[in-house]
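So the structure is just underneath, and the comments pick up after that.
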Amino acid sequence: MSARVPVIAVDGPGGTGKGTVCAAISSRLGWHLLDSGALYRALGLVATQRGLPLDDGASVAHLASGIRVSFSRGERAADPVRTTVNGADVTEEIRSEECGSAASRVAAHPAVRAGLLVEQRAFRRKPGLVADGRDMGTVVFPDADLKIYLTATAEVRAERRHKQLKQKGIDVSLRRLFEDMSERDRRDQARSVSPMQPAQDAMVIDTSRQDAAKVLETVWDLVCRCFPRQADQHN
Ligand code: DC
């Protein structure tokens, strides 16, 4: 029988530093990385491009079964993970606020989520997996070895996103960002399947008063406690 592959599940809303933490932890440990939000974003992008009504669950689920989303890591640890859909690079495109909102809408359909379940679980390969999302610890990997739920106030998260967008030269009003994020949170929390919520056995960390480096340090401490042998090689 093959050995069980360990999983670290990191869930929570956008703007909590989840993506940065997951990328850093997976690269330190040399483990695989699943950015499940990128799967939903890629699907939201293609559905929008093809003019599908995002509220039509059956059509979007059909589309999901026919497209191939893949990820590839750059040569250096700091390089972003590239996302392609049917061979086309959509890495930058899927990061827009519009795509985030489309992702949240397509992700609300039970048939879409069911279709992506097998695909997400296939990322669980040796030596281990760091999974980033909304339902990693509750639904996709309920037996994860370590479950972390990152949170922060909506105001702080909107400010962080605003700063990130400004650095990229994108000018969006903070108020608009706050409203869009709050609407997305409401939809992600209220959907009938896999709503965004901490698993009962998750460590909940409020990052409102912590900068990115401090959040990473806090999470790395938990990883070291849970996986002393694997983490030891990197300390
Ligand atoms: O983490 P993100 O901002 O890239 O996610 C975009 C949207 O995708 C999010 O608003 C809801 C959806 N999503 C989800 O429903 N389940 C996940 N595991 C990950 C993302």
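Both counts, for ligands and for their atoms, begin at 1 and track the order of listing. Remember, predicted model here, so these are calculated numbers, not experimental data. The basis for the numbers below is simple: all heavy atoms, side chains too, and nothing from hydrogens, waters or symmetry mates.
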Could you tell me whether the side chain of [Y] reaches within less than 4.5 Å of the side chain of [X], counting heavy atoms only?
| X | Y | result |
| --- | --- | --- |
| E183 | R186 | yes |
| H32 | V5 | no |
| E97 | I170 | no |

Inset, instruction - Apply the salt bridge (charged side-chain N to carboxylate O under 4.0 Å, His left out) test between D35 and each candidate in R41, R95, K18; give the one that qualifies. - result: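 Single salt bridge (charged side-chain N to carboxylate O under 4.0 Å, His left out) partner of D35 among R41, R95, K18: R95.
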
Inset, instruction - Report yes or no: do T207 and R160 form a side-chain donor-acceptor pair below 3.5 Å? - result: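 The criterion, which ignores hydrogens and geometry beyond distance, is satisfied for R160 and T207.
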
Inset, instruction - Select all protein residues for which some heavy-atom-to-ligand 1 distance is less than 4.0 Å, and list them by chain and number. - result: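 Ligand 1 pocket, heavy atoms under 4.0 Å: K18, S36, G37, Y40, R41, R95, A103, S104, A107, R113, G133, R134, D135, M136, R184, D188, R191.
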
Inset, instruction - Before accepting this row, confirm whether a basic side-chain N of the pair D180/R161 lies closer than 4.0 Å to the acidic partner's carboxylate O. - result: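 No, this pair does not count.
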
